Amino acid sequence: MPWRETIDPYLIWVSEIILQQTTVRQGEEYYNRFVTAFPTIESLATAEQDAVLKLWEGLGYYSRARNIHHAAQDIMIRFGGQFPDTHKDILSLKGIGPYAAAAIGSFAYGLPYVVVDGNVLRVISRLYGITAPVDVTTTVKDIRAKAQALLETQDAATFNQAIMEFGAMMCTYKNPGCDSCPLIRSCRAYQEEMVPAIPIKSKRIKKTTRYFHFLLLEHNEKLVIEQRSSKGIWQGLYQFPLIEKKEAKDAPSLHEVAQIASINEQPPQVSEVYKQTLTHQYIVARFYKYSCKTVPKEVKMIRNTALIEYAWPKIIRQYLTDEGYLA
DNA sequence: AAGGCGGGGTT
DNA sequence: AACCCAGCCTT
């Protein structure tokens, strides 16, 4: 892993943000492309947000891309382009929380702050037999304090790397290697046969289903696109004009489509159903291709060949790939 | 303190 | 299809 062979805080920062909620296998390619495109803080700070999002396309949690971009600009202003070297300053950057601040600080500068990621939550909660839910603030604070005490005078970078690796390789969520674990004599969960039950989580997420109808409005060999803004999913990414329905059986009416653009008489070319599961939502989407007589002046229109230049949500990118638009 | 935010992996 | 994986921001 290239980011383990450097003490450059910028490279470590990029890798830690990408590797959050992402497997190493998937993240590695994104990391390489990102640091090639933006080798320095300054190059990232001066980039367009669209360019940053394009490199993040398909990775998910796009606020990470917006935040790292914003933080790079912040570093130029507040720290003269030098990545800050105190825990407090690192933590003040947007998109960097307790985990990332401890990881970057220890790996780049040897700052003595323990990392608490999912691995560490699991290791420490099992070691101390913690049956309080690990997804509440007070429990995380307790676990951080216990982990910090274990770090004590040890080398922070080595300790942080080791405890995360131990969680990932030995103290795994399923099928942990208790049979060969060097810590079973001190592991409360093992002694009380609680290993499979810990860590305990309290929150359940309920998913809502949303029905999206994307309109491909064609006029003069161009398509109408728009950028998602404000709140909700896929902020900053691009999409086609969207009509959302509450029920599966609903389809956009001619009248609704006509309000967006003046369409020709022939019926639209309707795609198959595309589905995507998000953390809190289940998306069901169809795509409708219309030929238009006119479109409103203020909309953004691009040629088919330019579609590849924009950052799309996974479900739209899948459709565009299937239709040969990105080939 | 609670909820929202993608996408991938395993069973 | 139904489960799991996670750190940070906003409200």
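Keep in mind it's a predicted model, so treat the numbers as computed, not measured. Chain naming here is simple, since letters A, B, ... match the order of the sequence lines and numbering starts at 1 in each.
Residue whose closest nucleotide on DNA chain B sits further toward the 5' end, between A/Lys231 and A/Thr137: A/Thr137.
When the P atom of B/dG9 is taken as reference, atom OH of A/Tyr173 falls 18 Å away, rounded to whole Å. The NE2-P distance, from A/His280 to B/dG7, rounds to 15 Å in whole Å. The CD1 atom of A/Ile96 sits 9 Å away from the P atom of C/dC9 (whole-angstrom rounding). One atom, CZ of A/Arg228, and another, P of B/dG6, lie 9 Å apart when rounded to the nearest Å. The interatomic distance linking A/Leu278 (CG) with C/dA6 (P) rounds to 18 Å, in whole Å. Separating the CD1 atom of A/Ile68 from the P atom of C/dC8 is a distance of 12 Å, rounded to the nearest angstrom. Residue A/Tyr282 contributes atom OH, which lies 9 Å from atom P of C/dA2 at whole-angstrom precision. Regarding A/Asn160, its CG atom lies at a distance of 13 Å from the P atom of C/dG7, rounded to whole Å.
The salt bridge (Lys or Arg N to Asp or Glu O under 4.0 Å) test applied to A/Lys141 returns no partner, not counting sequence neighbours. Scored by the side-chain contact (heavy atoms from CB on, under 4.5 Å) test, A/Ser15 finds A/Trp3, A/Tyr31 as partners (sequence neighbours excluded). Scanning for salt bridge (Lys or Arg N to Asp or Glu O under 4.0 Å) contacts around A/Glu309 gives an empty result, with sequence neighbours left out. Residues that satisfy the side chain to side chain donor-acceptor pair (under 3.5 Å) test with A/Gln21, not counting sequence neighbours, are absent from this structure. Scored by the salt bridge (Lys or Arg N to Asp or Glu O under 4.0 Å) test, A/Arg317 finds A/Glu57 as partners (sequence neighbours excluded). Here A/Arg185 pairs with nothing under the salt bridge (Lys or Arg N to Asp or Glu O under 4.0 Å) rule; sequence neighbours left out. Remark: A/Thr158 pairs with A/Asp155 by the side-chain contact (heavy atoms from CB on, under 4.5 Å) rule, at least two apart or across chains.
Across all strands shown, A/Ile17 has no heavy atoms under 4.0 Å from either base or sugar-phosphate atoms. Contact annotation for A/Lys207: no contact, since no heavy-atom pair falls under 4.0 Å across all strands.
Between B/dG6, C/dG7, B/dA1, one nucleotide has an atom nearer to the side chain of A/Gln20 than all others, and that is C/dG7. Ranking B/dG7, C/dC8, B/dC5 by closeness to the A/Tyr99 side chain, first place goes to C/dC8.
Of the side-chain N and O atoms in A/Lys94, one or more sit less than 4.0 angstrom from OP1 or OP2 of C/dT10. At B/dG6, none of the side-chain N or O atoms of A/Trp312 fall inside 4.0 Å of OP1 or OP2 (strictly under the cut-off). The side chain of A/Lys201 contributes no N or O atom lying less than 4.0 Å from OP1 or OP2 of C/dC4. Remark: A/Gln281 is in phosphate contact with B/dC5, judged by side-chain N or O atoms under 4.0 Å from OP1 or OP2. Regarding contacts with the backbone of B/dG8, every side-chain N or O of A/Gln21 stays at 4.0 angstrom or more from both OP1 and OP2.
Between B/dG8 and C/dC9, the distance separating the two P atoms is 24 Å to the nearest Å. For the P atom pair drawn from C/dT11 and B/dG6, the interatomic distance equals 15 Å after rounding to whole Å. The P atoms of B/dT11 and C/dA6 are separated by 16 Å, rounded to the nearest whole Å.
Near DNA chain B, defined here as any heavy-atom distance below 4.0 Å, there are no residues from residues 101-132 of chain A. Scanning residues 69-79 of chain A for heavy-atom distances under 4.0 Å to DNA chain C yields an empty list. Taken residue by residue, residues 43-66 of chain A places heavy atoms nearer than 4.0 Å to DNA chain B at A/Gly58, A/Leu59, A/Gly60, A/Tyr61, A/Tyr62.
Here A/Arg210 pairs with A/Glu244 in a salt bridge; the nearest charged N to carboxylate O distance falls below 4.0 Å.
Here A/Phe83 and A/Phe79 keep their ring centres 6.0 angstrom or further from each other.
At a cut-off of 3.5 angstrom, the base of B/dG8 holds no donor-acceptor pair with the side chain of A/Thr23.
Contact check for A/Tyr325 versus A/Leu216: side-chain heavy atoms found under the 4.5 Å cut-off.
Residue pairs meeting the ring pair (Phe, Tyr, Trp, His ring centres under 6.0 Å) criterion with at least one partner in residues 133-178 of chain A, sequence neighbours excluded, are absent.
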Please step through ring-ring contact (aromatic ring centres under 6.0 Å, His included) for the pair A/Tyr61 and A/Trp56, ending with a clear verdict. CA-CA 9 Å; A/Tyr61 287 114; A/Trp56 217 269; over 10 Å; no
Show me the donor-acceptor pairs, under 3.5 Å and distance only, between side chains in residues 258-272 of chain A and residues at least two apart or in other chains.
residue: A/Gln259; atom: NE2; partner: A/His255; partner atom: NE2; Å: 3.4
residue: A/Asn264; atom: ND2; partner: A/Ser291; partner atom: OG; Å: 2.6
residue: A/Ser271; atom: OG; partner: A/Phe287; partner atom: N; Å: 2.8

